[in-house]
Amino acid sequence: MDKRKKVIIISVVSIILIVLIVTLVILLVNNSKNNGESSTNSTKIVKLYNELSNEQSFSFTTTLDDNNKETYAKNDNTAYTDTIYDGEESKFIIRDGNSYLLRDSDKIYYTYQNNEVNLNKVLEQLNEIKDTELIEGKEEVDGKNYNYEEYSGSTNFAIKLTDDNNSEDVKTRFYFDGNDLVYIKTIIGNNQELLSVEISNDVDSSLFEIPEDYRGM
């Protein structure tokens, strides 16, 4: 075999090897991506967390009864909370690194400098539990059967039920109608608190602005 033919054969073999290597790398990368998607989307809570993380604005309302209710709303880098606890209401706007407590009865507001602790409240609550172990099951709530995901060790979503004794027997159940979260139950020993849940992307932008007729204190 002359030298020219050897060069051609070596060049062809080299090209084939390069193509095979590139193809193998692409397959490995795609497989890794697919595995990552499967793992991160394996639970409904993870899916909910990912969906809300990608929303510019949303509201998340939990209700125990008419006198105990929490509404959290997010719009880009601002947030709003409206909490009714035993009939007493408190409203906060979180923006520009500060928190503003609104008092509707007097049309005044108080500024808490360098305080945005609740800016990402719901996402932080979901993030705390989304990668922990869970138990799946079904339960009837208000005459209808729901699938639930139960996580241990968190009371973050409870309104009135508290873990005063630092009990190890703490669970949170998230009930879904399809992929929609409809109830949250906090369980501490023999005590339970069931909240109805409403999530919406229709958020009033005025919630994140201090009313013009309010004066600062």
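Rounding to the nearest 0.5 angstrom, the gap separating the CD1 atom in I45 from the CD1 atom in I129 is 5.0 Å. Going from atom OG1 of T186 over to atom CG of N191 covers 11.5 Å, rounded to the nearest 0.5 Å. Taking CG from N201 and CD from E51, the interatomic distance works out to 9.0 Å, rounded to the nearest 0.5 Å. To the nearest 0.5 Å, the span separating CG on D204 from OG on S59 amounts to 10.5 Å. Taking OG from S90 and CZ from R103, the interatomic distance works out to 12.0 Å, rounded to the nearest 0.5 Å. Going from atom OG of S99 over to atom OH of Y109 covers 13.5 Å, rounded to the nearest 0.5 Å.
Between the side chain of N54 and the backbone N or O of N50, at least one donor-acceptor pair lies under 3.5 Å. No donor-acceptor pair under 3.5 Å is formed between the side chain of E149 and the backbone N or O of T43. No donor-acceptor distance shorter than 3.5 angstrom exists from the side chain of E193 to the backbone of L64, with no hydrogens or angles considered. Of the possible polar contacts, one joining the N98 side chain to the N114 backbone as a donor-acceptor pair under 3.5 Å is found.
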Audit row: D169, K171, salt bridge (charged side-chain N to carboxylate O under 4.0 Å, His left out) steps and yes/no
CA-CA 7 Å; D169 190 18; K171 303 178 182 68; 2.5 Å; yes
Run the numbers on L161 and T155 for side-chain contact (heavy atoms from CB on, under 4.5 Å), then give the verdict.
CA-CA 8 Å; L161 190 63; T155 61; over 6 Å; no
Evaluation steps, side-chain contact (heavy atoms from CB on, under 4.5 Å), between D177 and K144:
CA-CA 10 Å; D177 186 3; K144 183 175 179 178; 3.1 Å; yes
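Side-chain heavy atoms closer than 4.5 Å link hydrophobic residues (I, L, V, M, F, W, Y) into clusters, and following such links, possibly through other members, connects L181 to F58. Residues I187 and V197 are members of separate hydrophobic clusters, defined by side-chain heavy-atom contacts under 4.5 angstrom among Ile, Leu, Val, Met, Phe, Trp and Tyr. By the criterion of side-chain heavy atoms lying less than 4.5 angstrom apart, applied directly or through intervening Ile, Leu, Val, Met, Phe, Trp or Tyr residues, V170 is not grouped with Y151; the two fall into different hydrophobic clusters. Hydrophobic cluster membership differs between V117 and I93, with clusters built from Ile, Leu, Val, Met, Phe, Trp and Tyr side chains linked at under 4.5 angstrom. Linking Ile, Leu, Val, Met, Phe, Trp and Tyr whenever their side-chain heavy atoms come within less than 4.5 Å puts Y112 and I94 in one cluster.
Counting heavy atoms from C-beta outward, L134 and E150 have side chains that stay 4.5 Å or more apart. I184 places a side-chain heavy atom less than 4.5 Å from the side chain of T172. The shortest side-chain heavy-atom distance between E124 and N120 falls under the 4.5 Å cut-off.
A 6.0 Å sphere centred on CG of N145 holds more than 12 heavy atoms belonging to other residues, nucleotides or ligands. Counted within 6.0 Å of CD on E140, heavy atoms from surrounding residues, nucleotides or ligands total more than 12; the atom is thus considered enclosed.
Here the options are Y183, Y175, Y148, Y146, the test is side-chain hydrogen bond (donor to acceptor under 3.5 Å, both in side chains), and the partner is E139; only Y175 passes.
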List the atom pairs, donor and acceptor, that lie under 3.5 Å between side-chain atoms in residues 68-75 and the rest of the protein, sequence neighbours left out.
residue	atom	partner	partner atom	Å
N68	OD1	D86	N	2.9
N68	ND2	D65	OD1	3.0
E70	OE1	K121	NZ	3.4
T71	OG1	T61	OG1	3.2
Y72	OH	L119	O	2.5
K74	NZ	D76	O	2.2

Report all side-chain donor-acceptor pairs from residues 207-217 shorter than 3.5 Å, counting only partners two or more places apart or in another chain.
residue	atom	partner	partner atom	Å
E209	OE1	R95	NH1	3.4
E209	OE2	R95	NH1	3.2
D213	OD2	K107	NZ	2.9
Y214	OH	D104	OD1	2.5

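A cation-pi arrangement, defined by a distance under 6.0 Å to the six-membered ring centre and an angle within 45 degrees of its axis, is absent between K91 and Y80.
Ring-plane geometry between F60 and F157 is classed as tilted, the angle between the planes lying from 30 to 60 degrees on a 0 to 90 degree scale.
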